[in-house]
Structure formats: structure tokens, C-alpha cells
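Shown next, in C-alpha cells, is the structure this report addresses.
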Protein chains: 2
Amino acid sequence: MAQIEHATVKPRLGRKRDHTRDPEILDVALDVLAETGYDGMTVEMVATRAKAGKATLYRRWPSKSDLVLDAVACMKGRDLDVDSLPDTGTLRGDLVAMIKPPSIRDSERKLKVMAGIVSMIARNPEMAAAAQEALVEPRAAVNRIFFRRAIDRGEIPSDVDVEKLCMIGPALVAYRVLLLRKPVDREFLLSNIDEVILPAVGLRAA
Amino acid sequence: MAQIEHATVKPRLGRKRDHTRDPEILDVALDVLAETGYDGMTVEMVATRAKAGKATLYRRWPSKSDLVLDAVACMKGRDLDVDSLPDTGTLRGDLVAMIKPPSIRDSERKLKVMAGIVSMIARNPEMAAAAQEALVEPRAAVNRIFFRRAIDRGEIPSDVDVEKLCMIGPALVAYRVLLLRKPVDREFLLSNIDEVILPAVGLRAA
DNA sequence: CATATACGGTACTGCGGAGTTCCGGATATG
DNA sequence: CATATCCGGAACTCCGCAGTACCGTATATG
């Protein structure tokens with residue numbers, strides 16, 4: 001959305017040789033991608049909305065697909081860092097603590113981007129890898145931490161399939177957004193936790 | 001559409017006015033769609049592979065999107081009919097009985113088709129409706145029957161959220177195929193049943 | 001056999017978007 | 001001020017595909 005402007009001090013010295021605007025352009029590219037899908041997106045749309053020239057984009061990225069690939073790959077850093085994760089002392093507490101408007105909006109944007117590139121994923125290994133790394137893995141990583149913590153403190157059995165559990169939440173959300181076209185609200189996410197994920201690890205909901 | 005053509009009296013003149021080849025063409029369209037995605041697919045590809053002329057397709061469908069829409073909508077009938085569903089006497093038995101190579105292949109094809117149109121679904125309500133009706137709903141319907149049976153025979157509580165349960169399996173499969181790009185095998189499907197679905201209804205796996 | 005109809009196939013048009021080129025202007029350097 | 005560098009933007013080429021037009025042919029009818 002490009003609203004995350006550079007709070008970084010940008011002294012007016014020097015040239016903008018340093019590709020300063022790259023992140024901004026990539027962010028615009030993600031927006032257009034999410035709105036129109038890969039094939040619906042044109043390089044000119046991105047250029048115009050980023051107030052840049054089409055030539056500028058081609059100076060930086062050799063092709064449209066490279067631009068998109070870079071944009072997707074650069075989503076990777078945007079996630080909450082590990083230190084700022086909730087640690088409530090219970091698995092349910094941790095999972096519920098992740099249900100926050102910003103987190104939900106982040107998910108939905110990622111899923112719209114995902115929707116825009118799914119058809120490419122099947123035929124472009126690079127894109128598949130980028131999507132995996134930037135969209136799937138970060139979400140799983142967070143859950144993985146929660147489940148491992150729960151195992152360590154003896155809250156859940158140690159023989160559960162953590163990798164599988166990590167995917168349940170994301171899978172239910174992706175299905176609902178991409179295929180069912182229904183909204184992801186707090187109630188839905190809570191029921192995922194209480195009716196599906198917790199039972200799967202042998203816990204009863206509150 | 002297409003196959004429920006006019007049984008109306010019109011045996012006059014010409015050749016097969018009955019659009020006999022429509023189902024064949026639509027089936028080819030689905031194959032191409034699954035292989036290349038909506039935007040990668042060209043009407044000529046479909047025509048050539050169906051050994052038909054491009055003009056023939058345009059005589060029958062006004063545009064490419066109409067062709068695809070019809071093709072997707074016509075997948076609806078392809079599912080196993082209700083009478084031939086397994087009825088093993090237990091929920092787990094019924095769910096496991098659905099794990100068969102033909103059923104798996106059917107699912108994977110549907111999901112590839114789905115992958116080819118996801119980006120359109122977000123912006124084309126007709127396509128969204130067709131996909132919902134032909135790809136999502138039939139699968140859910142089968143599960144719905146199994147869960148209702150289980151409730152009727154008192155195997156599982158009657159207050160479970162059937163609609164939500166119906167989606168768990170499809171969601172896990174879709175996520176694995178479309179986003180993780182991993183194969184859907186018997187082991188995966190069994191673990192879905194035993195580690196996720198059955199726990200969610202309060203049952204322990206075998 | 002004559003005729004009408006739909007078909008397969010080819011050649012065409014029109015358009016939109018990828019990628020390129022060019023230029024005038026802004027900015028920094030010395 | 002002179003110069004070098006990069007940018008935004010406009011104009012351009014090129015190409016692929018949606019959609020159309022047309023033709024030769026196969027088949028059904030009478």
C-alpha cells in the first residue's frame with residue numbers, strides 16, 4: 001500500500017543512484033498484483049502508480065516476471081520478528097493472541113497476492129519457491145514456535161506432527177478466502193483454533 | 001449447459017445440429033485450462049486439440065470466457081452420484097473409503113482447473129459462482145452426507161459444525177496441492193482423517 | 001443427383017501490452 | 001557555470017491472441 005514511507009533519514013545528499021525507490025516500487029507492484037492478478041497487471045500500471053517511468057522499471061528489472069518475482073520475494077522481511085511474538089504460557093493463548101486486525105489484514109493481502117500468482121506457481125519453479133519462502137513459510141514458522149513451546153512445557157504430546165499442525169490454520173484461511181470468497185473474521189479464526197487445531201493436539205477448547 | 005441441449009423437435013436438414021461434440025470440446029477446454037491456466041490458454045489450443053475449427057467454437061460460445069465458464073459449470077455432473085457412495089457404518093470407514101486413485105485423480109484435476117481460474121474468481125462473480133457450484137460444493141456435499149449419517153447413528157455429537165467439518169479435508173488438500181506443491185497420497189489423506197478430522201468430532205483414530 | 005447445412009481449416013483484422021528508444025529536465029559535482 | 005548522471009514520460013515497434021470472414025468439403029434430406 002505504499003503507506004509505509006521511509007521514516008529512515010534520507011539526507012538530500014548524493015544521487016538516488018542507490019535505488020532508493022525500489023522498495024516503494026515493489027510495494028506498488030504487490031498492490032497491483034493483488035488487485036488484478038499477474039496477467040491483468042501491466043508494467044505501466046505499476047509505473048504510473050509509483051509515479052515512475054516505465055523505462056525506469058526496465059532499467060532495474062529485466063522483465064515483468066522478474067519484477068513480480070522480486071516483489072514477492074521481498075515480502076519475506078515484512079513479517080513480525082520472532083522476538084515480538086506473544087508468549088502467553090498456553091498454546092491457546094498464543095494462537096488467540098495472533099488474532100489481531102493488522103495480522104488479519106496482512107494475511108489477506110498475502111492471500112490476494114497468492115491468488116494472483118497461483119496459476120504461475122504450477123509452471124514456474126522460481127515463482128513457486130519465492131511464494132513458498134515469502135508467503136507460506138513465515139506463517140508456518142510462527143505456528144511452529146507455538147507448538148514447540150507447548151511440547152516443551154508438556155502441554156501437548158511430544159509425538160504430534162508439528163509440520164502438519166502448522167498448516168491447518170493457513171489451509172483453512174486460504175481455502176476460505178481463495179475458494180469460498182468469505183471473509184476472515186475473529187469468529188472464524190477462533191473456531192479454527194477451538195474446533196480444529198486444539199482437538200488435533202488432544203486439547204479441549206475453553 | 002451444452003449437454004442439456006434442445007431435445008426440441010428439429011430433426012430437419014443438415015447434419016448433427018444436436019451439438020454432439022460439445023461435451024468433448026468442453027473436456028478438452030478443461031484439460032488446457034488445467035495445464036496452462038486461463039490466460040495461458042488460447043481458443044486455438046482448444047480447437048486444435050479437439051480437432052475442431054476455431055470458428056466452430058465461436059459458433060457455439062460467444063467468447064473465450066463463456067467457453068471456460070461453460071466448461072467449469074459442466075464439471076458439476078461428473079461426480080459420483082449419491083447412490084454409489086460408500087456406507088460402511090462408521091464415519092472413519094466412509095471417509096477412508098473415499099480414498100481411491102480415481103477419486104484422488106479427480107480431485108487433482110479439479111484443483112488444477114481451480115488454480116487456472118483463482119485469479120479470475122476474485123473479479124468475476126459468475127466464475128466464482130460456477131467454481132463454487134462445480135468444484136467446491138460437490139466435495140462438501142459428500143462429506144456432509146457422511147457427517148449427518150454419523151450424527152444420526154449417534155456416533156458423533158449432534159452439535160458439531162457440519163459445514164465447517166466438510167471444509168477441513170478439501171482445505172488441507174487444496175493447500176497442499178496449490179500452495180505447497182506436494183503430492184496428495186493415501187498417507188496424507190489418512191493422516192488428515194485420523195489426526196485432524198476425527199479429533200475435531202471427538203473421535204480417536206484407530 | 002441437387003441442395004442445404006454445419007463442419008474443419010486458413011487467412012485475416014484489431015487491439016493491447018511487453019519491451020525499447022529518445023528527450024527534456026532535475027540534481028549533484030567541481 | 002559546465003558537465004555528467006539519472007529520472008519521468010511519451011512515442012514507438014513488435015507480437016500474440018481474441019474474434020471474424022471465407023472457402024472447400026462432408027453429410028443429410030428429398
Side-chain angles (χ1 to χ4, degrees), chain A residues 2 6 9-26 28-29 32-33 35-71 116-117 119-120 123-124 127, chain B residues 2-3 5-6 8-29 32-33 35-71 116-117 119-120 123-124 127:
Chain A
H6 297 288
V9 257
K10 190 168 58 172
R12 43 203 358 273
L13 59 107
R15 195 78 57 96
K16 336 168 186 170
R17 254 240 205 43
D18 45 2
H19 293 178
T20 310
R21 296 199 55 202
D22 280 10
E24 189 182 335
I25 293 173
L26 290 175
V28 169
V32 179
L33 188 60
E35 288 171 24
T36 69
Y38 180 84
D39 296 283
M41 152 182 172
T42 72
V43 176
E44 197 156 20
M45 285 183 199
V46 179
T48 303
R49 204 185 292 195
K51 293 187 183 64
K54 201 160 56 145
T56 303
L57 299 201
Y58 279 102
R59 276 176 206 123
R60 180 71 186 83
W61 296 276
S63 73
K64 174 182 171 180
S65 66
D66 287 285
L67 169 64
V68 172
L69 206 57
D70 202 12
I117 60 173
S119 69
M120 289 191 70
R123 283 171 297 283
N124 183 336
M127 189 62 80
Chain B
Q3 69 259 71
E5 267 313 301
H6 35 85
T8 50
V9 203
K10 198 156 185 188
R12 309 262 299 273
L13 301 175
R15 218 166 62 172
K16 13 185 171 181
R17 302 177 64 87
D18 45 359
H19 293 224
T20 310
R21 297 200 54 203
D22 280 10
E24 189 183 335
I25 294 173
L26 291 174
D27 205 55
V28 170
V32 179
L33 188 59
E35 288 171 24
T36 69
Y38 180 84
D39 296 282
M41 153 183 171
T42 72
V43 176
E44 197 155 21
M45 285 183 199
V46 179
T48 302
R49 204 184 293 194
K51 293 187 182 63
K54 202 161 54 148
T56 303
L57 299 202
Y58 278 103
R59 275 175 205 124
R60 182 68 189 85
W61 296 275
S63 74
K64 173 182 171 180
S65 65
D66 286 285
L67 168 63
V68 171
L69 206 57
D70 203 12
I117 60 173
S119 69
M120 288 191 71
R123 282 172 298 283
N124 184 337
M127 189 62 80

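Convention: sequence-line order gives letters A, B, ...; per-chain numbering from 1.
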For A:Thr36 and B:Arg123, work out which heavy atoms get closest and say how close.
-> O-NH2, 3.0 Å

Can you name the closest pair of heavy atoms from A:Trp61 and A:Asp66 and give their distance?
-> CD1-O, 4.0 Å

For B:Asp27, check salt bridge (charged side-chain N to carboxylate O under 4.0 Å, His left out) against everything at least two apart and list the hits.
-> B:Arg78, B:Arg109

Not counting sequence neighbours, which residues clear salt bridge (charged side-chain N to carboxylate O under 4.0 Å, His left out) with B:Glu35? List them please.
-> B:Arg49

Would you say B:Glu24 has more than 12 foreign heavy atoms packed within less than 6.0 Å of its CD?
-> yes

Expressed as a whole number of angstroms, how long is the span from [X]:[atom1] to [N]:[atom2]?
X	N	atom1	atom2	value
A:Arg21	D:dC7	CZ	P	10 Å
A:Lys51	D:dG9	NZ	P	9 Å
A:Ile25	D:dG8	CD1	P	7 Å
A:Arg49	D:dG9	CZ	C1'	18 Å
A:Arg60	D:dC6	CZ	P	13 Å

Base-contact (B) and sugar-phosphate-only (S) positions in nucleotides 16-23 of chain C, heavy-atom cut-off under 4.0 Å, - elsewhere | -SSBBBB-

With a cut-off of under 6.0 Å to the ring centre and 45° to the axis, is B:Lys64 in cation-pi contact with B:Tyr58?
-> no

Distance below 4.0 Å between A:Thr56 side-chain N/O and D:dG8 OP1 or OP2 | yes

